[in-house]
Amino acid sequence: MPRPIQAQVHTDALAHNLERARAAAPDARVWAVVKANAYGHGVGLAFAGLRGADGFALLDLHEAEVLRALDWRGPILLLEGAFEPRDLELCSRLGLWHVVHCEEQIDWLANHKTQAPHRVFLKMNSGMNRLGFTPAAFRSAWTRLQALPQVEEVTLMTHFADADGEAGVSRQMSRFDAATNDLPGERSLSNSAALLRHGLKNDWVRAGILLYGSSPDFPEHDIHHWQLQPTMTLRSKIIAVQRLEPGDAVGYGSRFVADRAMRIGIVACGYADGYPRHCGTGTPILVDGRRSGTVGRVSMDMLVADLSALPDAGIGSEVTLWGRGPAGSMLAIDEVAFAAGTIGYELMCAVAARVPISVSPAV
Ligand SMILES: *Cc1c(COP(=O)(O)O)cnc(C)c1O
């Protein structure tokens with residue numbers, strides 16, 4: 001019998017969340033962002049739920065090859081563009097669209113031999129200071145690209161640092177607008193947070209985290225507020241039960257000491273499965289679909305759930321670490337991430353290779 005831990009990807013929820021993205025930007029086309037192995041879901045499994053998207057955005061060339069092998073003929077966008085000149089050969093061969101964020105990438109394009117000119121997304125650094133041309137350098141980059149026979153069409157793009165927070169997008173938007181208002185071409189601006197919180201005009205939105213059923217601005221808004229559904233369930237089982245007396249400690253470092261008689265369940269899930277080690281006592285967890293909390297430190301292969309209020313729970317009880325539980329119960333990944341001092345993105349990307357992933361409902 002394998003360890004009882006498993007992950008499930010919910011294709012129906014992916015399709016539902018994609019519809020939410022469409023509803024939030026009815027005039028835009030939607031890139032489903034599937035970078036980082038579709039935020040840990042697996043590109044192939046995510047594709048099964050997201051095939052209604054207008055295109056797929058990612059950054060690993062191998063993931064683009066996977067999508068083409070799945071017979072996706074529509075647009076694919078490389079969000080960081082080419083990493084070296086010969087990547088452009090793959091772009092030509094697979095018909096990939098790509099971001100251009102620096103002069104070197106324009107040089108590579110100018111030297112690239114291709115029959116089919118490329119669709120490029122010219123990226124402006126409007127304030128995040130990772131990738132892109134400054135507003136002052138943007139126009140000359142655009143002019144250079146327009147003049148290249150290797151380029152078919154240039155879309156104008158930027159990325160927001162604070163779309164999920166108080167600062168918002170206005171500062172970056174005014175820089176972007178000032179530098180581009182007389183340039184023709186389509187625009188691609190919004191990530192999930194901008195899409196849900198700021199009604200910006202976009203030709204192409206780039207929806208990532210919202211597709212995977214995590215709120216981009218938790219805890220201000222949860223997934224119920226945005227009408228999103230969890231797309232990944234991580235579940236396991238209780239493999240042992242202990243009874244504690246007051247003064248008994250639990251786990252490494254004896255970090256938790258009982259102040260009353262307690263019943264605890266040992267769950268086959270630990271940080272080597274991708275469950276965050278930084279979750280303190282009280283992190284929400286479902287046992288047989290009923291809400292409880294963790295106790296003590298998370299160890300490599302196990303963690304502990306409080307069963308004191310769940311007298312029927314015992315060995316074999318189903319434990320939902322996040323996602324869909326039995327009988328319609330649900331635990332949002334954002335709540336667990338919050339307890340670990342991180343965000344849903346990190347948890348879903350970190351599910352370990354030793355955890356088997358399946359699809360539900362089956363496709
Ligand atoms: C990852 C990414 C996105 C998607 O961001 P979410 O917050 O997950 O919606 C959009 N645009 C770019 C350039 C990205 O790298």
Side-chain angles (χ1 to χ4, degrees), residues 14 17-25 28-41 43 46 49-50 53-61 63-64 75-83 96-102 105 119-133 155-165 167-169 172-173 176 186-200 202-218 220-221 223 226 228 230-232 333-334 337 342-350:
L14 287 161
N17 295 340
L18 176 62
E19 285 313 306
R20 297 299 308 149
R22 288 210 183 282
R29 277 154 292 162
V30 179
W31 290 114
V33 180
V34 294
K35 64 189 179 191
N37 199 27
Y39 291 51
H41 290 61
V43 171
L50 297 173
D54 297 298
F56 290 88
L58 42 77
L59 23 103
D60 193 319
L61 280 79
E63 290 171 346
I76 296 176
L77 175 64
L78 297 179
L79 288 167
E80 294 179 347
F83 301 101
L96 309 181
W97 305 8
H98 52 97
V99 164
V100 168
H101 62 75
C102 62
Q105 288 179 328
R119 294 272 305 245
V120 300
F121 277 49
L122 179 61
K123 187 162 188 178
M124 182 189 295
N125 168 16
S126 58
M128 195 169 187
N129 287 304
R130 294 190 317 189
L131 303 182
F133 293 87
T155 298
L156 315 182
M157 170 186 179
T158 196
H159 191 56
F160 298 119
D162 295 305
D164 56 330
V169 299
Q172 285 185 260
M173 267 319 285
F176 181 83
E186 295 189 330
R187 267 76 173 154
S188 178
L189 309 171
S190 297
N191 59 359
S192 296
L195 174 57
L196 293 173
R197 291 170 64 100
H198 308 282
L200 304 174
N202 272 266
D203 298 290
W204 287 93
V205 294
R206 305 186 302 273
I209 195 70
L210 82 84
L211 298 178
Y212 303 101
S214 167
S215 170
D217 60 354
F218 188 86
E220 186 181 345
H221 299 112
I223 55 171
W226 297 122
L228 303 172
T231 59
M232 179 195 280
I333 197 169
D334 297 328
T342 184
I343 51 179
Y345 297 73
E346 189 179 3
L347 266 52
M348 54 180 80
C349 290

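Numbering of ligands and ligand atoms starts at 1, following listing order. These figures come from a predicted structure and were not determined experimentally. Residue numbers run from 1 in the order of the sequence given.
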Quick one, Asn202 with Ser190, criterion side-chain hydrogen bond (donor to acceptor under 3.5 Å, both in side chains). Give me CA distance, side-chain angles, the key distance, then yes/no. CA-CA 7 Å; Asn202 272 266; Ser190 297; 2.8 Å; yes
Nearest to atom 4 (C) of ligand 1, what protein heavy atom do you find, and at what distance? Tyr39 OH, 3.5 Å
Enclosure of Glu346 CD (heavy-atom neighbours >12, cutoff 6.0 Å): no
Rounding to 0.5 Å, atoms CH2 (Trp226) and CG (Leu210) come to a distance of 10.0 Å
Heavy-atom nearest neighbour in the protein, as seen from atom 3 (C) of ligand 1, with distance rounded to 0.1 Å: Lys35 NZ, 3.8 Å
Looking only at distance, does Ile209 have an N or O less than 3.5 Å from an N or O of ligand 1? yes
Under 3.5 Å: N/O of Ala193 near N/O of ligand 1: no
Starting from atom 12 (C) of ligand 1, what is the nearest protein heavy atom, named by residue and atom, and what distance separates them? His159 CE1, 3.4 Å
N/O of Arg130 under 3.5 Å from N/O of ligand 1, yes or no? no
Pro230 pairs by side chain to side chain contact (heavy atoms under 4.5 Å, CB included) with which of Asp334, Ile223, Ile333? Ile223
Looking only at non-hydrogen atoms, find the nearest pair between Phe160 and Gln172 and report the distance. CA-OE1, 3.5 Å
Arg197/Asp162 ion pair, N-O < 4.0 Å: no
Quick one: nearest non-hydrogen protein atom to atom 7 (O) of ligand 1, plus distance? Tyr345 OH, 2.6 Å
Taking C-beta and beyond as the side chain, do Trp204 and Pro75 meet within less than 4.5 Å on heavy atoms? yes
Looking only at protein heavy atoms, what sits closest to atom 9 (O) of ligand 1 is Ser192 OG, 2.5 Å
Identity and distance of the protein heavy atom lying nearest atom 11 (N) of ligand 1: Arg206 NE, 2.8 Å
Has ligand 1 got any nitrogen or oxygen that is less than 3.5 angstrom from a nitrogen or oxygen of Lys123? no
